Amino acid sequence: TTMIIYTLISGVAAWFARTAPFDDKFFIPAAVLGLMAFYRTLGDPIREDTSRGFFILIPEKGFAKIFYSLLGSLAVTAIDLLVPFIVCAILVQANPLSVIVWFLFILSISFFATTVGTFISLSLPDQVAKLVGTIIQMIFFYFGLAPSAVAVILGIMFGKLLLAVVIGAAINFVIGLLVTLLLPVFLGRK
């Protein structure tokens, strides 16, 4: 279902982007896909795994359990994005390098949002109201994604969009990895 919705919405964006006055028209449907993927990960896909009692009982180190759960989450996101990316690339006749770079950038956003969401859900006590946890999560998301957003905006301003997207993806992956290293500490608390 997610793949179909992504394909329909990004396909419409790509259809309108065909007449845009930009050299790289692919960034318009890619931005739409990035926003949809970001809001999709607000549901925190690995929170479902980490919130179950049996997750703690799996005979493996905490980092390995979280790592494989994250890989599963990223695999699902990549599968959901594959068809929409191909459709949009064909519609706007995109450069293959641009498609690959944007694909990795959106995966980095998903990785960042998933790790931060899991960190918030594991580190906050159960007594904290759900609304407070959501507010804290949104603050972490928006401030955490600000460096990569600034990189992309600067890339647009200086005509180096692909380089900026690569830098933004690297920033997201590094911050997400740092947050991932903290997750095993909080895993046993829930």
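All values reported here derive from a predicted model rather than from experimental measurement.
Atom OG1 of Thr115 sits about 9.0 Å away from atom CD1 of Ile175, to the nearest 0.5 Å. Separation of atoms CG (Leu33) and CG (Asp80) is listed at 10.5 Å; rounding is to 0.5 Å. To the nearest 0.5 Å, the span separating CG on Leu81 from CZ on Arg40 amounts to 10.5 Å. Here the CG-CE distance, from Leu82 to Met3, works out to 7.0 Å after rounding to the nearest 0.5 Å. Summarising the geometry, atom CD1 belonging to Ile109 is positioned 11.0 Å from atom OH belonging to Tyr39; distances are rounded to the nearest 0.5 Å.
Here the side chains of Trp102 and Leu162 are in contact, with some heavy-atom distance below 4.5 Å. Contact check for Thr180 versus Phe67: no side-chain heavy atoms found under the 4.5 Å cut-off. Thr118 has its side chain out of reach of Ile66: every pair of non-hydrogen atoms, C-beta onward, lies at least 4.5 Å apart.
In the hydrophobic clustering of ILVMFWY residues, with side-chain heavy atoms under 4.5 Å counting as a link, Val101 and Leu163 come out together. Hydrophobic clustering (side-chain heavy atoms under 4.5 Å, transitive across Ile, Leu, Val, Met, Phe, Trp, Tyr) groups Met36 together with Ile28. Linking Ile, Leu, Val, Met, Phe, Trp and Tyr whenever their side-chain heavy atoms come within less than 4.5 Å puts Phe140 and Leu183 in one cluster. Note on Ile120 and Phe112: same hydrophobic cluster, where clusters join Ile, Leu, Val, Met, Phe, Trp and Tyr whose side-chain heavy atoms are under 4.5 Å apart, directly or indirectly. Residues Phe105 and Ile156 are members of one and the same hydrophobic cluster, defined by side-chain heavy-atom contacts under 4.5 angstrom among Ile, Leu, Val, Met, Phe, Trp and Tyr.
Nearest approach of Ile171 to Pro147, heavy atoms of both residues: CG2-CB, 3.9 Å. Across every non-hydrogen atom of Ser110 and Thr77, the tightest pair is OG-OG1, 3.3 Å. Considering every non-hydrogen atom in both Pro84 and Ser10, the closest pair reads CB-OG, 3.6 Å. A pairwise comparison of heavy atoms in Ser108 and Phe173 identifies CB-CE1, 3.4 Å as the closest pair. Val99 and Ala94 get closest at one heavy-atom pair: CG2-CB, 3.7 Å. Counting all heavy atoms, side chain and backbone alike, Ala151 lies closest to Ala164 at O-CB, 3.0 Å.
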For Val152 and Phe27, run side-chain contact (heavy atoms from CB on, under 4.5 Å): C-alpha distance rounded to whole Å, both residues' side-chain angles, the deciding distance at 0.1 Å, then the answer. CA-CA 11 Å; Val152 171; Phe27 88 89; over 6 Å; no
After noting the C-alpha distance and the side-chain angles of Ile106 and Phe85, does the key distance pass the side-chain contact (heavy atoms from CB on, under 4.5 Å) rule? CA-CA 11 Å; Ile106 293 174; Phe85 260 76; 3.6 Å; yes
Show your reasoning for whether side-chain contact (heavy atoms from CB on, under 4.5 Å) applies to Leu178 and Leu182. CA-CA 7 Å; Leu178 292 175; Leu182 296 174; over 6 Å; no
Run Leu71 and Tyr68 through side-chain contact (heavy atoms from CB on, under 4.5 Å) and show every step you take. CA-CA 5 Å; Leu71 281 182; Tyr68 287 115; 4.1 Å; yes
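Panel note: side chain Thr114, backbone Phe111; no donor-acceptor pair is recorded below 3.5 Å. Between the side chain of Ser73 and the backbone N or O of Ser69 there is no donor-acceptor pair closer than 3.5 Å.
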